[in-house]
There are 2 protein chains.
Amino acid sequence: MKRDSRLSSVLHALLHMAEQDGPVTSDTLAECLGTNPVVVRRTMGYLREAGIVASDRGHAGGWRISADLADVTLRQLHEALGEPAMFAIGNRNENPACLVEQVVNAALEDTFAEAEALLLERFSDITLADLAADFARRHAAARRRRKH
Amino acid sequence: MKRDSRLSSVLHALLHMAEQDGPVTSDTLAECLGTNPVVVRRTMGYLREAGIVASDRGHAGGWRISADLADVTLRQLHEALGEPAMFAIGNRNENPACLVEQVVNAALEDTFAEAEALLLERFSDITLADLAADFARRHAAARRRRKH
DNA sequence: TTCAAATGCAACATCGTAAGTTACATGAAA
DNA sequence: TTTCATGTAACTTACGATGTTGCATTTGAA
């Protein structure tokens, strides 16, 4: 299964942007992420539509976070990306005439719906500020280790 | 995302087999599932390795369930299929040097691990016998409706 | 014995989609 | 007016489940 890593990508990008003073260019972000600037623009474009980031063209342009870090949850980011499918496992046929298959679908759908609800709930609880704080903690710890 | 529907497929096949007296051929199952007999053999082969079904060659051959319906859980089937990835969303890079990305990965991994644990727990609770009973219930209800 | 019906399996083709790439237009600051 | 940046369309690539073809093998019945 090929996984959608856009949520991971935008989180990585946003935290780097949060560490930076001015705007960050697509080229810089692409280097951080190990990808192509066009891919960065394409993916960050979804966040711009959702009002989470802004982009400036021309000299000294690039990407900025246009929201409060404490207000942006993983769930919002997931929604901004178009709520891609969470699961790599699914029903063979979504609207079967076969009664047997309906039973199978119902059982799987119920189970996956419960798991998706849990995921969305956790996503709602995690903000960019939480992750930035986690980073700051680890960063300080790493610096202490280097001193010894 | 292209989803893995093998779990759905084998459940559908197993319930049809449970309704049947003798062995069921790959051709018959393929028709039920709307697919190709070779795909059926390939997928059911995993269940044979796990001891859940058996296959007979030659005349009057086909597939049989070789376990008690009440003993086979969705979790066992998932394991028999090689425990395919549950999620269509994942980290961009599994072993990043970047501390920022490590923080992102950890947050996502924790969340998805919790959801996966929930899924596996639910899968452990559902047996083929449960689904067969559910089918029998719906089947009877549908027959009653037709009488009116 | 022979034939037909079934699985076993290897090799290859198809398909869908995120990701990657190329090319060029557009806008903003020096 | 030149340079640096994004915006975007069009195309290619990568990948794995799924689909397909072909043939060997086994089994029961005529």
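Because only heavy atoms are used, hydrogens play no part in the values below, and waters and symmetry mates are left out as well, while side chains stay in. The sequence lines fix the lettering, A, B, ..., with proteins before strands; numbering per chain opens at 1. What you are looking at is a predicted structure, and each value in this text was computed from that prediction instead of being measured.
Judged purely by distance below 3.5 Å, without hydrogens or angles, the side chains of S8(B) and S5(B) never pair a donor atom with an acceptor atom.
For T25(B) and dA6(C), the shortest distance from a side-chain N or O to OP1 or OP2 is not below 4.0 Å. Between R92(A) and dG19(D) there is a side-chain polar atom (N or O) within less than 4.0 angstrom of OP1 or OP2. Contact annotation: S5(B) does not reach the phosphate of dA17(D) (side-chain N/O to OP1 or OP2, under 4.0 Å). Contact annotation: S55(A) side-chain N/O to dT6(D) OP1/OP2 distance is not under 4.0 Å.
Listed nucleotides: dT18(D), dT7(C), dT21(C). Nearest to the side chain of R48(B): dT7(C).
Comparing V39(A) and R42(B) along DNA chain C, the residue whose closest nucleotide (by nearest heavy atom) sits nearer the 5' end is R42(B). Between P37(B) and G34(A), the residue anchored closer to the 5' end of DNA chain C is P37(B), taking for each the nucleotide with the nearest heavy atom.
Residue N36(A) contributes atom CG, which lies 18 Å from atom P of dC11(D) at whole-angstrom precision. A straight line from CG of D27(A) to P of dT21(C) spans 13 Å, rounded to a whole angstrom. For E49(A) and dT6(D), the CD to P distance is 17 Å, given to the nearest whole Å. In this entry the distance linking CD1 of I89(A) with C1' of dG16(D) reads 14 Å, nearest Å. If you take CE of M44(A) and P of dA18(C), they are 18 Å apart, rounded to a whole angstrom. In this structure, E83(B) atom CD and dG16(D) atom P are separated by 18 Å, rounded to whole Å. We find that CZ of R6(A) is positioned 6 Å from P of dA19(C), with the value rounded to whole Å. Nucleotide dG16(D) holds its P atom 19 Å from the CZ atom of F87(B), rounded to whole Å.
Evaluated for a side-chain contact (heavy atoms from CB on, under 4.5 Å) with L128(B), the options V72(B), T73(B), D68(B) yield exactly one hit, V72(B).
At the heavy-atom level, G62(B) lies under 4.0 Å from the strands shown only through sugar-phosphate atoms. Residue T35(B) is classed as a sugar-phosphate contact, given heavy-atom separations below 4.0 Å to backbone atoms only.
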For nucleotides 22-30 of chain D, give me one character per nucleotide, 5' to 3': B if any protein heavy atom sits under 4.0 Å from the base, S if the only such contacts are to the sugar-phosphate, - if neither. ---BBBB--
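Minimum heavy-atom separation, L33(B) to A13(B): CD2-N, 4.1 Å.
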